[in-house]
A.B. asks: 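I have a structure here, written as structure tokens, and I will follow up with some questions on it.
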Amino acid sequence: MQFTIPARPPFNFRSVVSSHGWNQLQPFVYDETAGTLSYILRLSTGQVIDLVTTAADSGLKVNSPRLSVKEKAEVTNILTWMFALDSDFSEFYQAIQDEPALANVEKLARGRVLRSPTLFEDVIRTILTTNTLWAATRRMVANLVQQFGEPLPSDPTRRAFPTALSLAAAGEGRLRAETRLGYRAPYIVDLAQRVASGEFDLEALKTSCLPTLELRRELLKIQGIGPYASANLLMILGRSDYLPIDSWALKVVSHEWHADQPVTPAQVQADMDKWGRWQGLVFWFWDWSYNHKDSAG
DNA sequence: GGTAGACCTGGACGC
DNA sequence: GCGTCCAGGTCTACC
């Protein structure tokens, strides 16, 4: 079946899908030529389905297997969250209107950051991006999905993201030895066990009214989540008060404003402070000259 | 509060 | 083919 979910304008499908590297991580499959993003979703009933999304005139077009009214409502809620379809960026656009390096942001409707259906999944993805190369992140996520995700009935080579219960049951030894998560394995097991048991209501943070500082404190309590990872997750949660400063951030800021001289996280912070509560979005969507220095010669 | 070293994997490199 | 070095954030112990 096919249906459309409206988005608050302006909305640009490709801007959301390519907002960061999540589209390269299983169970997402992004076909840039066709302009489609596929995601293997496990519904609350346990049914595993393939959702194929693409751009519609005023939102998101969804192709899915036949769904009941209840299932369609669940899928609509999940995709609305994943694509931040109801988010309003008008204040952000107002704040950056005089900045040339952000000139295309409103025109391309940038601001939305692609999310996973659950914060649990986004926390695990984020932990697997820390202290490693992107190729290793892709491999670790693929291993997790292939080893512990539930298969799509029509194509068992494709699987949903593992549930907290399945990762809690997997155990640290297996996640180290077979999934190759290294020292991150105990972090994943600890989180999965606390979420699966109900001890930690991680999903409640998605709709939390806590001030960003307190929300950050909650995220930092999770093993494996430090300053970079918490800022990344805050961005996913729609809070852009903090900067996800990783080694790439140090490089681009060094090139942009410090003549390629080494910079510290404190210097990056000082450079972005003037953007206040928008600094995360400004940093994320800034047109870094470092990124196209090769083409610039 | 700040700092140093350990954690772990896989790619790059030299032999 | 083997050994060594390196990149990448967070944690823990220590000051």
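Chain identifiers are assigned alphabetically (A, B, ...) following the order of the sequence lines, protein sequences preceding nucleic acid strands; residue numbering begins at 1 within each chain. Quantities reported herein were computed from a predicted structural model and do not represent experimental measurements.
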A.B. asks: A:Y183 OH to B:dC8 C1': how many Å, rounded?
C.D. replies: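 Taking OH of A:Y183 and C1' of B:dC8, I get 7 Å after rounding.
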A.B. asks: Which is true for A:T132 with a 4.0 Å heavy-atom rule: it touches a base, it touches only sugar-phosphate, or it touches nothing?
C.D. replies: base
A.B. asks: Side chain of A:R139 only, heavy atoms from C-beta on: which candidate in C:dG8, C:dT10, B:dG10 is closest?
C.D. replies: B:dG10
A.B. asks: With a 6.0 Å cut-off on ring centres, are A:F283 and A:W288 close enough?
C.D. replies: yes
A.B. asks: Under 4.0 angstrom, heavy atoms only, what part of the nucleic acid is A:I225 near: base, sugar-phosphate, or nothing?
C.D. replies: sugar-phosphate
A.B. asks: Taking the side chain of A:Y187 as heavy atoms from C-beta outward, which of C:dC11, B:dC7, B:dT9 is closest to it?
C.D. replies: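 That would be C:dC11.
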A.B. asks: What nucleotide among C:dT10, B:dT9, C:dG8 has an atom nearest to a side-chain atom of A:Y228?
C.D. replies: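 Looking only at heavy atoms from C-beta outward on A:Y228, the closest nucleotide is C:dT10.
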A.B. asks: Within this structure, what is the CZ-to-C1' distance between A:R138 and B:dT9, rounded to whole angstrom?
C.D. replies: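 For the pair A:R138 CZ and B:dT9 C1', the rounded distance is 17 Å.
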A.B. asks: Just how far, in rounded Å, is C1' of C:dG9 from CG of A:L243?
C.D. replies: 16 Å
A.B. asks: For DNA chain B, whose closest nucleotide is more 5', that of A:L133 or that of A:G182?
C.D. replies: A:G182
A.B. asks: Distance check needed: B:dG5 P versus A:N131 CG, whole Å only.
C.D. replies: 16 Å
A.B. asks: May I ask you to verify if any side-chain N or O of A:S247 is less than 4.0 angstrom from the OP1 or OP2 atom of C:dA7?
C.D. replies: no
A.B. asks: Which of these passes side chain to side chain contact (heavy atoms under 4.5 Å, CB included) with A:I40: A:D155, A:D50, A:V29, A:L51?
C.D. replies: A:D50
A.B. asks: Expressed as a whole number of angstroms, how long is the span from A:M140:CE to B:dT9:C1'?
C.D. replies: 8 Å
A.B. asks: I need the CG-P distance between A:D190 and C:dC11, as an integer number of Å.
C.D. replies: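 One finds 11 Å between P of C:dC11 and CG of A:D190, rounded.
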A.B. asks: With a 4.0 Å cut-off, would you call A:E214 and A:R217 a salt bridge?
C.D. replies: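 No salt bridge links A:E214 with A:R217.
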A.B. asks: Using a cut-off of 4.0 Å on non-hydrogen atoms, how would the nucleic acid contact of A:A229 be classed: base, sugar-phosphate, or nothing?
C.D. replies: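 Sugar-phosphate contact only.
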A.B. asks: Is it true that A:E121 and A:R125 make a salt bridge, defined as a side-chain N closer than 4.0 Å to a carboxylate O?
C.D. replies: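 So A:E121 pairs with A:R125 through a salt bridge.
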A.B. asks: For A:L250, answer base if it contacts any base atom (sugar-phosphate contacts may also be present), sugar-phosphate if it contacts only those atoms, and nothing otherwise; contact means non-hydrogen atoms under 4.0 Å.
C.D. replies: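 Since no nucleic acid heavy atom lies under 4.0 Å of A:L250, the category is nothing.
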A.B. asks: Within less than 4.0 Å of OP1 or OP2 of C:dC11, is there a side-chain N or O belonging to A:K221?
C.D. replies: no
A.B. asks: From CD of A:Q223 over to P of C:dT12, roughly how many Å is that when rounded to an integer?
C.D. replies: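 Nearest whole value for this atom pair: 5 Å.
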A.B. asks: Whole Å only: how far is the CG atom of A:L220 from the C1' atom of C:dC11?
C.D. replies: 12 Å
A.B. asks: So, is A:R176 near the phosphate of B:dC8, with a side-chain N or O under 4.0 Å from OP1 or OP2?
C.D. replies: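 A:R176 to B:dC8 OP1/OP2: side-chain N or O found under 4.0 Å.
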A.B. asks: Mind checking whether A:F3 and A:L85 sit in one hydrophobic cluster, side chains of I, L, V, M, F, W, Y counted as touching below 4.5 Å?
C.D. replies: yes
